[in-house]
Amino acid sequence: MMRFRASSLHEIMGDPKTGDGLSAAAKTFLNMMAKEYVYGFTEIITSKYMDKGTQCEAAAIDLYNTVFFTDYVKNSVRKNNDWITGECDILVPGKKVIDIKNAWSLPTFPATTDEVKAIAKKSGYDWQGRAYMMLDDVDLFEIAYCIVTTPEELIRYEQPEYHFVDHIDPTLRVTNAFFERDKQLEEKIKHKVALAREYLKNYAAQISLDHKHDQLLKEAA
C-alpha cells in the first residue's frame with residue numbers, strides 16, 4: 001500500500017477550483033510520481049539550502065537545546081499508518097513533535113513567529129507537521145527556525161557576514177511557531193490520500209495503455 005511521505009504531503013492537499021477532488025498542482029505532482037514508478041527512477045532535488053540543512057542539522061539541534069535548556073536528540077524512528085509515513089526531527093512523547101529548520105543566511109532567517117507561520121503555510125510545512133502529529137499521536141507541532149554558521153564551502157560568492165553568526169546571541173537565532181492538532185484536517189488527509197492513490201493507479205494504467213504500440217497500430221490501420 002502506497003503511503004505519502006509527511007514532507008511531500010502538502011503537494012496533494014490543495015483544493016481544486018471546484019469540488020473536493022485533486023487540484024491541478026496535485027495532479028502534476030502525481031503524474032511525476034507515476035512516471036517514477038513506471039520507468040523506475042527517482043527524481044533527486046538538491047540545493048545549497050538543502051545541503052546546509054543536512055550538514056548543520058546537529059548544530060541546529062544543539063542551538064535549540066542551548067536556548068531552551070533541553071537535551072533533545074535527533075529522532076531516528078519512522079512511523080507509518082494506513083495513509084502516511086514520516087520521521088519527525090524531535091519527538092517529545094505524549095506532548096509534541098518538533099521540526100528543526102536551518103535558515104540559509106541572516107537575510108532569509110525568519111525573525112518573528114508570524115514570519116515562521118507564513119513560511120510554513122507557503123512551503124507546506126504545516127501539513128508536514130500535521131502528518132507528524134497524526135503519526136505520533138500528539139497534540140502540538142513546533143517548527144523551529146535556527147540560524148547557525150554556514151560551512152564555508154557552501155557560501156561561495158555571498159557576503160560572509162550573512163553566514164558567520166556564532167557571535168550573535170543564541171536566543172536571537174531561534175524563532176519558533178506552534179500548530180495545534182486538528183482531527184478534521186486529518187480526515188481531509190485521509191480523503192486526499194485516497195483520491196491520490198486512485199489517480200496514480202489510473203495514470204500509471206494510462207501510461208501502460210498508451211505504449212501498447214502493436215494495438216495502437218492496429219487501431220490506426
Side-chain angles (χ1 to χ4, degrees), residues 3-15 49-104 106 108-149 165 168-193 196:
R3 298 176 176 89
F4 279 82
R5 296 177 68 90
S7 57
S8 61
L9 181 63
H10 67 281
E11 300 280 6
I12 67 168
M13 294 308 301
D15 293 321
Y49 313 107
M50 296 172 68
D51 287 343
K52 179 177 181 179
T54 300
Q55 292 183 34
C56 298
E57 182 176 52
I61 292 174
D62 287 345
L63 175 63
Y64 181 99
N65 283 330
T66 296
V67 171
F68 295 106
F69 304 99
T70 51
D71 57 357
Y72 297 142
V73 296
K74 169 70 175 173
N75 170 58
S76 60
V77 178
R78 175 166 291 274
K79 300 285 184 66
N80 305 294
N81 63 20
D82 290 340
W83 304 273
I84 52 178
T85 178
E87 184 179 315
C88 67
D89 287 338
I90 296 170
L91 170 63
V92 185
K95 294 183 179 181
K96 65 180 178 179
V97 286
I98 306 171
D99 199 34
I100 302 291
K101 300 293 185 187
N102 252 304
W104 167 246
L106 284 171
T108 64
F109 174 64
T112 67
T113 295
D114 285 345
E115 286 183 79
V116 172
K117 287 186 175 181
I119 291 172
K121 291 285 186 181
K122 182 177 181 179
S123 302
Y125 297 147
D126 55 335
W127 284 113
Q128 183 177 3
R130 295 197 181 284
Y132 292 149
M133 285 188 279
M134 189 177 178
L135 289 166
D136 292 295
D137 193 24
V138 294
D139 292 329
L140 196 64
F141 167 59
E142 177 183 356
I143 180 170
Y145 260 90
C146 302
I147 178 71
V148 300
T149 290
V165 299
I168 299 174
D169 183 344
T171 62
L172 292 173
R173 294 194 281 124
V174 181
T175 313
N176 54 358
F178 297 87
F179 294 85
E180 294 182 351
R181 189 174 185 179
D182 186 325
K183 295 293 184 69
Q184 286 188 320
L185 292 180
E186 291 180 11
E187 291 302 312
K188 183 176 181 179
I189 289 172
K190 296 176 186 178
H191 175 64
K192 292 288 188 178
V193 168

What are the two closest heavy atoms between Thr175 and Pro110, and how far apart are they? OG1-O, 2.8 Å
Within a 6.0 Å radius of atom NZ on Lys117, are there more than 12 heavy atoms belonging to other residues, nucleotides or ligands? no
Inter-residue atom distance Ile100.CD1 - Cys56.SG, 0.5 Å rounding: 13.0 Å
The reported gap from CG in Asn102 to OH in Tyr49 (rounded to nearest 0.5 angstrom) is 14.0 Å
Answer whether the closest heavy-atom distance between the side chains of Met133 and Asp182 falls below 4.5 Å. no
Roughly how far, to the nearest 0.5 Å, is the CD1 atom of Ile98 from the CZ atom of Phe141? 9.5 Å
Would you indicate whether the side-chain heavy atoms of Ile147 and Leu106 approach each other to under 4.5 Å? yes
Between the side chain of Thr85 and the main-chain N/O of Ala6, is any donor-acceptor distance below 3.5 Å? no
Other residues, nucleotides and ligands only: do more than 12 of their heavy atoms fall within 6.0 Å of NZ on Lys95? no
Ignoring hydrogens, what is the shortest heavy-atom contact between Asp126 and Lys121? Give both atom names and the distance. OD2-CD, 3.3 Å
Shortest non-hydrogen pair, Ile84 vs Asn81, comes out as N-OD1, 2.8 Å
Rounded at 0.5 Å granularity, tell me how far OH in Tyr132 sits from CD in Glu87. 7.5 Å
Can you see which heavy atom on Val174 is nearest to which on Tyr64, and at what distance? CG1-CD1, 4.3 Å
Kindly determine whether Val116 and Asn176 satisfy side-chain contact (heavy atoms from CB on, under 4.5 Å), including the steps that lead there. CA-CA 7 Å; Val116 172; Asn176 54 358; over 6 Å; no
So Glu180 and Leu140, do their side chains get closer than 4.5 Å, heavy atoms only? yes
Rounded to the nearest 0.5 Å, how far apart are CD1 of Ile90 and NZ of Lys96? 8.5 Å
Is the shortest side-chain heavy-atom distance between Met134 and Val97 below 4.5 Å? no
Could you give me the CA-CA distance, side-chain angles and deciding distance for Lys52 and Val148, then say whether side-chain contact (heavy atoms from CB on, under 4.5 Å) is met? CA-CA 10 Å; Lys52 179 177 181 179; Val148 300; 4.2 Å; yes
Less than 4.5 Å apart, side chain to side chain, heavy atoms only: is that true for Phe4 and Trp127? no
Carboxylate-amine/guanidinium proximity below 4.0 Å for Lys79 and Asp137: no
Other residues, nucleotides, ligands: >12 heavy atoms within 6.0 Å of Arg5 CZ: no
Let me see the working for Leu9 and Lys192 under side-chain contact (heavy atoms from CB on, under 4.5 Å), right down to the final yes or no. CA-CA 9 Å; Leu9 181 63; Lys192 292 288 188 178; over 6 Å; no
Heavy atoms only: give me the nearest Arg130-Ile189 pair and the separation to one decimal. CB-CD1, 4.4 Å
Residues passing the ring-ring contact (aromatic ring centres under 6.0 Å, His included) test with Trp83, sequence neighbours excluded, are none
For the residue pair Val67 and Pro170, what are the closest heavy atoms and their distance? CG2-O, 3.3 Å
Does a salt bridge link Lys183 with Glu186, judged by any charged N lying under 4.0 Å from a carboxylate O? no
So does Val138 get a backbone contact from the side chain of Asp136, meaning a donor-acceptor N/O pair under 3.5 Å? no
Do Asp114 and Thr112 get their side chains close enough for a donor-acceptor pair, meaning under 3.5 Å? no
Measure the shortest side-chain to side-chain distance between Arg173 and Leu63 over non-hydrogen atoms and say whether it is less than 4.5 angstrom. yes
So, do Ile119 and Tyr145 sit near enough that their side-chain heavy atoms are less than 4.5 Å apart? yes
What distance separates Trp104 CH2 from Met50 CE, expressed to the nearest 0.5 Å? 13.0 Å
Given Val165 and Phe109, is the side-chain contact (heavy atoms from CB on, under 4.5 Å) satisfied, shown in steps? CA-CA 11 Å; Val165 299; Phe109 174 64; over 6 Å; no
